[in-house]
Amino acid sequence: MNYESDVAIVGAGPAGSTAAYVLAKLGLNVIIIDKSSFPREKLCGGLLSSKSVRLLEKIFDETEESLNKKIINFSSNIFQVMFKEKTLAKYYSKTPTYFVERTVYDNFLLDKAISSGATFIQNETVKKVDLDSNALFTSKGNKIISKYIVGADGANSIVRKEFENNGIICKDIWRNSLGITLEISIDKKKLPIEKNIICLYFGYIKNGYAWIFPNMDKSIIGIGGLLKDINNDNINDMFIDFLISLGFDKKTIDSFIKKIRGHPIPFGNYIEKPIYKKTILIGDAAGFVNPITGEGIYYAHKSAEIAANAILKDYINQGKLEEDYINNLNLFLLPELFNSKKSRNLYFKIFNNYYLAKIASFYMFKNTKYY
Ligand SMILES: Cc1cc2nc3c(=O)[nH]c(=O)nc-3n(C[C@H](O)[C@H](O)[C@H](O)COP(=O)(O)OP(=O)(O)OC[C@H]3O[C@@H](n4cnc5c(N)ncnc54)[C@H](O)[C@@H]3O)c2cc1C
């Protein structure tokens, strides 16, 4: 079967659903396709920074109050920064940090896109992309032809791989700065330490960190760092060391093993020109994740908003797609990623050395100390 649309979006995560919502609301004919059936799970800490919530309010016409009712499970202003078992700082942030459950969050965003008129095709994988004829070929033998393609298909993006195959971007740069993560979600009651604050742990992994993020009735425990520094075996060992140091006994850890999940994360491999002809990459597919914190949801929404505006202008002949997308990425998104990447090595070097981390924490958090 052949489908036709103005815009075909691959991936219904935060990036894809945001682009679909904005474009469908403006009257474009939008198809959004995902390989999963929704609601679906996505490995994530579920942390939403304040700037993400402000952006959600703006794009989706919501208020903090309405988001609290619909998707936000938990919020906290207190951070604890640790070097292994030792506390470096406990501080109070003026703005709260929010937590969501990704299954609910992504489904909420997708519902918004569908209600604004986008057509959703689920449980169907895009297998091949023709960047010259703007055609997508799916696992069910369908073909989608569109004026624009948006690759919002995450860290393992097939649309980005098509850019690599065509020599538009370099494979090695992507691999060189790819991150790897492990995560487990556990019942909050089982956590042997304080439960309702945001804990960041250094000293377990070279260019990365471990975390415990609170949520409504569970805690998300994870670890992540640059893939080139580790291999699959020793990240498992690092994670087990971390769990032991949290006070879990061997029997409990053994019962966790099967529930631990891993996923790649872009970690400094953002693409500065993620566009070819009428195909645009957004979100994780373009590597838009902060290279220090691993925050990606904000950049997924922001790049989707920028891409949707560039597509609209091109569609009504009031702008040039590539120029608009790249200029606005350079104005509103890439500088943050660039600055974080520049300071990343130094930052992780300091925080993975107890004495340097102690001195740095003293100066960084002295005015926001929490007792
Ligand atoms: C362990 C971990 C913890 C994280 N924690 C946080 C956090 O706390 N806060 C934060 O801000 N960020 C976090 N991130 C990053 C965040 O998850 C991503 O940046 C964010 O999900 C990016 O959204 P996206 O829409 O670009 O991609 P995704 O959310 O990955 O969505 C991509 C979608 O594309 C679909 N898809 C993929 N391939 C195809 C295909 N071929 N055909 C059709 N559909 C396809 C997938 O099914 C998926 O639904 C974390 C990442 C990891 C790995």
Side-chain angles (χ1 to χ4, degrees), residues 8-20 31-49 51-53 55-56 97-103 105-107 109-110 113 120-129 136-140 142 144 149-162 178-185 198 200 208-215 220-225 235 239 260-267 270 274 281-290 293-304 307:
I9 299 173
V10 188
S17 289
T18 303
I31 289 180
I32 177 165
I33 176 166
D34 202 288
K35 64 181 181 185
S36 302
S37 299
F38 273 64
R40 61 99 177 87
E41 287 186 359
K42 160 75 179 84
L43 200 69
C44 186
L47 181 154
L48 276 192
S49 58
K51 67 178 177 184
S52 305
V53 172
L55 188 60
L56 281 175
T97 297
Y98 306 86
F99 292 90
V100 295
E101 162 75 62
R102 279 295 297 269
T103 310
Y105 185 70
D106 289 23
N107 209 46
L109 299 170
L110 177 62
F120 180 47
I121 302 172
Q122 60 184 324
N123 206 11
E124 192 161 340
T125 305
V126 171
K127 288 284 188 190
K128 198 175 160 352
V129 184
L136 302 175
F137 301 88
T138 79
S139 52
K140 295 188 179 166
N142 295 318
I144 304 171
I149 294 174
V150 178
D153 46 343
N156 292 322
S157 169
I158 188 159
V159 186
R160 191 199 63 252
K161 282 177 192 150
E162 210 58 53
L178 191 63
I180 181 78
T181 58
L182 292 180
E183 233 182 33
I184 184 169
S185 157
I198 303 149
L200 309 177
Y209 67 98
W211 61 88
I212 305 179
F213 290 166
N215 212 296
I220 310 285
I221 307 178
I223 193 166
I235 193 170
F239 196 41
I260 296 173
R261 298 278 174 272
H263 202 276
I265 186 168
F267 209 49
Y270 53 86
L281 300 174
I282 60 175
D284 274 18
F288 294 153
V289 172
N290 186 295
T293 62
E295 175 178 15
I297 296 173
Y298 170 79
Y299 302 100
H301 292 303
K302 190 69 199 170
S303 56

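Order of listing sets the numbers, starting from 1, for every ligand and every atom in it.
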>> Checking Ile33 against Thr138 for the side-chain contact (heavy atoms from CB on, under 4.5 Å) test, could you report, in this order, the C-alpha distance in whole Å, the side-chain angles of both residues, the deciding distance, and whether it holds?
In response: CA-CA 9 Å; Ile33 176 166; Thr138 79; 3.7 Å; yes
> Is there any N or O on Asp284 that sits under 3.5 Å from an N or O of ligand 1?
Replying inline: yes
>> Which residues pass the ring pair (Phe, Tyr, Trp, His ring centres under 6.0 Å) test with Tyr98, not counting sequence neighbours?
In response: none
>> Is Lys127 close enough to touch ligand 1? Criterion: a residue heavy atom under 4.0 Å from a ligand atom.
In response: no
>> Is any side-chain heavy atom of Phe239 closer than 4.5 Å to one of Ile184?
In response: yes
> What about Ile282: any of its N or O atoms under 3.5 Å from an N or O on ligand 1?
Replying inline: no
> Between Thr181, Thr138, Thr18, Ile158, which one has a non-hydrogen atom sitting closest to atom 53 (C) of ligand 1?
Replying inline: Thr181
> Does any N or O atom in Arg102 lie less than 3.5 angstrom from one in ligand 1, N or O only?
Replying inline: yes
> Within a strict 4.5 Å, meaning less than it, do heavy atoms of the Cys44 and Ile297 side chains meet?
Replying inline: yes
>> Nearest non-hydrogen contact with atom 10 (C) of ligand 1 belongs to which option: Ala155, Gly16, Gly296?
In response: Gly296
>> Using a 4.0 Å cut-off to any heavy atom of Val289, which atoms of ligand 1 qualify?
In response: 19 (O)
>> Below 4.0 Å from ligand 1: does a non-hydrogen atom of Phe99 turn up there or not?
In response: no
>> Taking only non-hydrogen atoms of Cys44, do any sit less than 4.0 angstrom from ligand 1?
In response: yes
> So is there a nitrogen or oxygen of Glu295 less than 3.5 Å from a nitrogen or oxygen in ligand 1?
Replying inline: no
> Which residue supplies the protein heavy atom nearest to atom 40 (C) of ligand 1, what is that atom called, and how far is it?
Replying inline: Val126 N, 3.8 Å
>> Considering non-hydrogen atoms of the protein only, which is the closest contact for atom 52 (C) of ligand 1, and what is the distance?
In response: Leu43 O, 3.6 Å
> Is the closest heavy atom of Arg261 to ligand 1 under 4.0 Å?
Replying inline: no
>> Among all the protein's non-hydrogen atoms, which is closest to atom 51 (C) of ligand 1, and how far away is it?
In response: Ile265 CD1, 3.5 Å
>> Between His263 and Glu183, is there a side-chain heavy-atom distance shorter than 4.5 Å?
In response: no
> Minimum heavy-atom separation for Phe288 to Pro274, with atom names?
Replying inline: CZ-CG, 3.9 Å
> Is the Tyr270-Tyr299 ring centre distance short of 6.0 angstrom?
Replying inline: no
